[in-house]
Number of protein chains: 2
Amino acid sequence: MGANSRLTVAAHALAWIELNRRMGGEVATSEQIANSVNTNAVVIRRLLGELREAGLVESRRGAGAGWRLARPAESISLAEVYRAVEEAPLFALHPAEPNQECPVGHGIRSALAPVYGDAEEALRAQLARTSVADVVRDSLAVP
Amino acid sequence: MGANSRLTVAAHALAWIELNRRMGGEVATSEQIANSVNTNAVVIRRLLGELREAGLVESRRGAGAGWRLARPAESISLAEVYRAVEEAPLFALHPAEPNQECPVGHGIRSALAPVYGDAEEALRAQLARTSVADVVRDSLAVP
DNA sequence: CCTGATGTAACTGTAGCAGTTACGACAGGC
DNA sequence: GCCTGTCGTAACTGCTACAGTTACATCAGG
């Protein structure tokens with residue numbers, strides 16, 4: 001499937017902001033984060049903008065501007081990050097409406113919808129078990 | 001994210017083959033299945049070709065050709081169908097290698113990989129709870 | 001006012017999915 | 001042995017989304 005790296009980059013950015021804070025940094029700039037992720041600063045600003053709408057980070061403008069976490073890193077789970085950056089459902093139903101005169105075509109969307117819902121729920125529940133603080137700890141633990 | 005409908009169409013095709021068999025049909029043709037899914041027969045043949053490589057269906061060529069399930073519908077789970085049609089991992093790591101001189105950039109891929117693995121595992125485990133026979137039953141139950 | 005950073009718009013390149021046409025390969029029936 | 005119907009597959013198009021980039025307006029502190 002179309003696997004994208006939005007969750008990866010968002011988690012990286014949040015972990016960097018948190019580590020920077022622990023090192024005494026007031027705020028982190030998109031340029032600094034982009035340097036660690038190895039991408040363009042605009043890509044970071046776009047992603048962090050979605051995280052701000054979700055209430056996970058705050059930004060300051062003007063001179064001495066930058067980003068910081070809106071809540072402790074321990075309380076931000078990857079499930080919240082996922083919800084903030086991936087709005088579309090994981091599985092799509094039919095591109096075109098199936099044949100309603102066929103018993104399968106008529107009922108299959110109603111049959112699959114709860115299955116997909118439960119599967120996404122299981123995915124989110126597992127992501128909820130990891131926080132941004134966990135990501136920082138595990139990253140620093142790599143030799 | 002790029003949600004595609006490959007799992008949906010594959011499940012629909014398998015359910016249709018099973019229902020057709022229960023109605024006395026020897027084999028199902030891609031044209032018949034495409035008529036129920038409301039798509040092109042080539043789309044069906046491509047998808048069923050992947051399911052055949054996974055050992056879920058068999059095809060016969062020549063006159064009177066078509067498709068049938070390789071195993072009872074009760075024993076084919078959506079987790080197997082998902083594995084057959086979606087080879088790529090759900091979450092991608094970084095598009096470009098992160099900055100190795102940064103502690104976060106150096107360790108984050110190793111930190112995220114098991115998290116993503118566990119999340120996908122939870123997804124597959126939930127999909128494994130539904131079989132093609134369940135899909136047929138639930139589809140027919142829709143008024 | 002100057003400076004440095006955010007906030008966006010606009011565009012490009014790339015990739016995958018879905019759809020379509022076309023045609024070769026195959027196997028059974030006549 | 002040819003006809004027919006279906007699979008098997010290549011090739012192409014249109015569409016969408018992600019990632020990257022440039023450009024510029026906006027803002028706030030010094």
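Proteins come first, then strands; the chains are lettered A, B, ... in the order of their sequence lines, and each starts at number 1. Side chains included, hydrogens not; waters and symmetry mates left out as well; all remaining heavy atoms used.
- Remark: P of D:dT9 and CG of B:Leu47 are 14 Å apart, rounded to the nearest angstrom.
- Note: CD (B:Glu26) to P (C:dG28) measures 13 Å, nearest angstrom.
- Regarding contacts with the backbone of C:dT6, a side-chain N or O of A:Arg45 is found under 4.0 angstrom from either OP1 or OP2.
- For B:Arg61 against D:dT6, no side-chain N or O and base N or O form a donor-acceptor pair under 3.5 Å.
- Summary of the strand contacts: B:Arg46 and B:Ala96 both lie near DNA chain D, and taking for each the nucleotide with the nearest heavy atom, the more 5' one is attributed to B:Arg46.
- When each of C:dT6, C:dA18, D:dT22 is scored by its nearest atom to the side-chain atoms of B:Arg6, the top-ranked nucleotide is C:dA18.
- When the side-chain nitrogen and oxygen atoms of A:Thr39 are compared with OP1 and OP2 of D:dG20, one or more of them lie within a distance under 4.0 Å.
- Rounded to a whole Å, the CZ atom of B:Phe91 is 13 Å from the P atom of D:dA19.
- We find that CD of B:Glu53 is positioned 10 Å from P of D:dG8, with the value rounded to whole Å.
- Each of B:Asn40 and A:Trp67 has a nearest nucleotide on DNA chain C; the 5'-most of these lies closest to A:Trp67.
- Residue B:Arg60 is in sugar-phosphate contact alone, with no base atom involved, counting any heavy-atom pair closer than 4.0 Å across all strands shown.
- Applying the 4.0 Å criterion to OP1 and OP2 of D:dT6, one finds that B:Thr29 has every side-chain N and O outside that range.
- Nucleotide D:dA19 holds its P atom 16 Å from the CD1 atom of A:Ile33, rounded to whole Å.
- Using cut-offs of 30° and 60° for the angle between ring planes, the A:His12 and B:His94 rings count as perpendicular.
- Dashed line: the shortest gap from a side-chain N or O of A:Arg52 to OP1 or OP2 of C:dG7 is under 4.0 Å.
- Applying the 4.0 Å criterion to OP1 and OP2 of C:dT6, one finds that A:Ser59 has every side-chain N and O outside that range.
- Summarising the local packing, CZ of B:Arg129 is surrounded by 12 or fewer heavy atoms from other residues, nucleotides or ligands at distances under 6.0 Å.
- Rounded to an integer number of Å, the gap from CD1 of A:Ile44 to P of D:dT22 is 16 Å.
- Atoms CD (B:Glu97) and P (D:dG20) sit 14 Å apart, rounded to a whole Å.
- Taking atom CG of B:Asn4 as the reference point, atom C1' of D:dG14 lies 17 Å away to the nearest angstrom.
- With distances taken from any side-chain atom of B:Val42 to the nucleotides D:dC18, C:dT20, D:dT6, the minimum falls on C:dT20.
- Between B:Phe91 and A:Tyr82, the ring planes lie perpendicular to each other; the angle is over 60°, past the 30° to 60° tilted range.
- Side chain of A:Arg60 to main chain of A:Gly64: a donor-acceptor pair is present (N/O by atom type, distance under 3.5 Å, no hydrogens or angles).
- No path of Ile, Leu, Val, Met, Phe, Trp and Tyr side chains, each step under 4.5 Å between heavy atoms, connects B:Val27 with B:Ile17, placing them in separate hydrophobic clusters.
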